[in-house]
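Written out below as structure tokens is the structure these notes cover.
Any value given below was found using the heavy atoms of this structure, including those in side chains, with hydrogens, waters and symmetry copies removed.
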Amino acid sequence: MSEQKETFYITTPIYYPSGNFHIGTAYTTVASDAIARYKRLRGYDVRFLTGMDEHGQKIQEVADESGQPPQEYVDGIAKIAKDLWAKMDISYDDFIRTTESRHTELVKKIFKTFLDNGDIYKGEYEGWHCTPCESYFSESQLENGNCPDCGRSVQRVKEESYFFNMKKYADRLLQYYEENLQFIEPESRKNEMINNFIKPGLEDLSVSRMSFDWGIKVPGDAEHVIYVWVDALTNYITALGYGSDDETLFNKYWPADVHVVGKDIVRFHTIYWPIFLMALDLPLPKKVFAHGFIMMKDGKMSKSKGNVVYPEMLVNRYGLDATRYFLLRELPFGQDGEFSPEAFVERTNYDLANDLGNLLNRTVSMINQYFEGVIPTEELEPTEFDDALKEFITNTVTKYEKAMENMQFSVVLSELWALVSRTNKYVDETTPWVLARDENERGKLASVMLNLVSSLRHIAVLLQPFMTETPKKIIEQLGLSEEMLTWETLGDFNATPVGTKVVEKGVPIFPRLEVETEVEYIRAQMAITAPEENVEPEKQEAEPIGDEITFDQFMNVDLRVATVIACEKVPKTDKLLKLQLDLGFEQRQVVSGIAEHYAPESLIGEKVIVVANLKPVKLRGELSQGMILAGESNGVLKLATVEKSLENGATVK
């Protein structure tokens, strides 16, 4: 009988479908996927859960504004979410939706258990509510009168409500913190919870609403909807069948090994969720890891700032592995990190194309040149540098394991790239091009080639949690089978099969990017704030006025009248149109992301406004010499046009 594997249960938050997901959501999911893949690589029986939180007032409002019933709206977003995770090769085992009957029926049972045990009582709620965050705050918790989490305005709410007696469990929760020092990571998050919420006095939690009806009804009192956070948090156990007729998965995988969440929802996962579990007399999760935000140079991502980055754009243009690598290498997990187009392009060029890609190309080329494309079978003669390389590889694996267990992804990848650099240095130390000139050094040359293949094989194994395509490409170019990608092959320097033929000509796994072109491309895409293809419209809130500029700054913008004389779609894109414009004094080409709103032929003859002194950029290989002005409202985009009597080239003032 085979030995039973050790289990590992990891979850992402279930994401709120009020709009399409940007790279912040992808960051959380890719990080969780990396841990899940690592644990599988180590032989664990892994259960990886993600999903969507589909109830609440915000969703009802967004659905109403889109002209859809709420269920139809969330069904559309769920499909888009699953398509995105498929594109990013997320290896989840289950996708839970809070509108599914397997969840809703169990939430009712859990709520009734709370009622029956006296943990919930009926009263009247009065306090401040943030609709986008689905959160309630006391007066003291507000920041400048606004929501402390998102900064938006809050509304005063007063209505009948059911309350959960949080005070009953406050001391027990603090004791759990003290006895389980790694329950909340990073530790700074735990200090926030204690000092900001528990020590000042944990208030009872309103767990029902009457002001909307899109949610799970309170058992026996259909006028009340169960508070969205009771509904959402319990997904971690309902997805395992807790309270159902079949609790096999629950008995196998609970308690969760780690809940991965953003720092904005730490309070719900480290105060409310543990208390709910205590009330159910269930074990608490072993760890809640709260990562930071992806920030931009000008602050948080915002459509009004034109700095939103969607993961589809990065994957489509630069590939899946370059995108996954950047997210986990550039941003220290647990802290806020910054995204910039320059950093993305530089990481791709230097780390992936120069360091890793060049190492693979050099190795394949030298085996082809010196050994007719076959991993050498000659009797080996070690060089004076071999032992140092092997020791470096062994130490890298040890450091990798430690950092991976602590979810320090950027540290893991830093150690792994130190091995890539060390292997490149080994090539320079051993100078195989010199050894190849002397037949007496044939044994040393063979040893160098075999060590290079062995190092690349180790790198490929260790890359697997982070990159899902590159490890296989490395192995394929080396002519090895995927059996060489198991964890068990690490440390065995004799595992590399000799006599295997490498590819005749290696293809660069990461082509170098033209820095200026790609930086401008990413910036241009960030400025396109329309949702991705098939994404249902988000709620259109009034955008704040941008930063003030001086009159002189405004006068530097040269706005001109132009006529569209030709227009066509840019090949292999869904959003871009290529317009030929007559500015009176010259003809120009402008590429604009308006294809979802205008047929090309409908624009011919239209008078448009062009930003004429904008620096030209290339979009999907097409030169764009300016920008045409347009406005967007409720998902509908319209070009800013002028009277046809205005001459082409006229200045707009």
Got a sec: does the [atom1] of [X] have more than 12 other heavy atoms crowding it under 6.0 Å?
{"X": "E482", "atom1": "CD", "value": "no"}
{"X": "Q182", "atom1": "CD", "value": "no"}
{"X": "E483", "atom1": "CD", "value": "no"}

Candidate list D45, D93, D33, test salt bridge (charged side-chain N to carboxylate O under 4.0 Å, His left out), partner R40, passing option = D93
Measuring from atom [atom1] of [X] to atom [atom2] of [Y], what distance do you get when rounded to the nearest 0.5 angstrom?
{"X": "I375", "Y": "S454", "atom1": "CD1", "atom2": "OG", "result": "10.0 Å"}
{"X": "M193", "Y": "R189", "atom1": "CE", "atom2": "CZ", "result": "8.5 Å"}
{"X": "L49", "Y": "F95", "atom1": "CG", "atom2": "CZ", "result": "9.5 Å"}
{"X": "T430", "Y": "L445", "atom1": "OG1", "atom2": "CG", "result": "8.5 Å"}
{"X": "T470", "Y": "I475", "atom1": "OG1", "atom2": "CD1", "result": "12.0 Å"}

So, are [X] and [Y] salt-bridged, with charged N and O less than 4.0 Å apart?
{"X": "R457", "Y": "D492", "value": "no"}
{"X": "E518", "Y": "R317", "value": "yes"}
{"X": "D428", "Y": "R362", "value": "yes"}
{"X": "E520", "Y": "R523", "value": "yes"}
{"X": "R422", "Y": "E391", "value": "no"}
{"X": "R324", "Y": "D89", "value": "no"}
{"X": "E330", "Y": "R347", "value": "yes"}
{"X": "K79", "Y": "D83", "value": "yes"}

Is a side-chain donor-acceptor pair under 3.5 Å present for [Y] with [X]?
{"X": "S421", "Y": "D355", "answer": "no"}
{"X": "T383", "Y": "D386", "answer": "yes"}
{"X": "N368", "Y": "K505", "answer": "no"}

Is any side-chain heavy atom of [X] closer than 4.5 Å to a side-chain heavy atom of [Y]?
{"X": "V502", "Y": "Q477", "value": "no"}
{"X": "M627", "Y": "V610", "value": "no"}
{"X": "Y310", "Y": "I23", "value": "no"}
{"X": "V453", "Y": "L480", "value": "yes"}
{"X": "R47", "Y": "D94", "value": "yes"}
{"X": "F21", "Y": "E312", "value": "no"}
{"X": "N361", "Y": "P508", "value": "yes"}

Could you tell me whether a side-chain N or O of [X] sits under 3.5 Å from a main-chain N or O of [Y], the two making a donor and an acceptor?
{"X": "R588", "Y": "A612", "answer": "yes"}
{"X": "S410", "Y": "R329", "answer": "no"}
{"X": "T394", "Y": "K390", "answer": "yes"}
{"X": "E514", "Y": "T517", "answer": "yes"}
{"X": "Y9", "Y": "Y236", "answer": "yes"}
{"X": "Q625", "Y": "Q589", "answer": "yes"}

Cation-pi, F183 ring and K190 (6.0 angstrom, 45 degrees) | no
Centroid-centroid under 6.0 Å between F333 and F289 rings | yes
Can the ring centroids of Y426 and F385 be said to lie less than 6.0 angstrom from one another?
-> no
Parallel, tilted or perpendicular: ring planes of [X] versus [Y], cut at 30 and 60 degrees:
{"X": "Y27", "Y": "H291", "answer": "perpendicular"}
{"X": "Y325", "Y": "W417", "answer": "tilted"}
{"X": "Y318", "Y": "Y521", "answer": "perpendicular"}
{"X": "Y15", "Y": "W85", "answer": "tilted"}

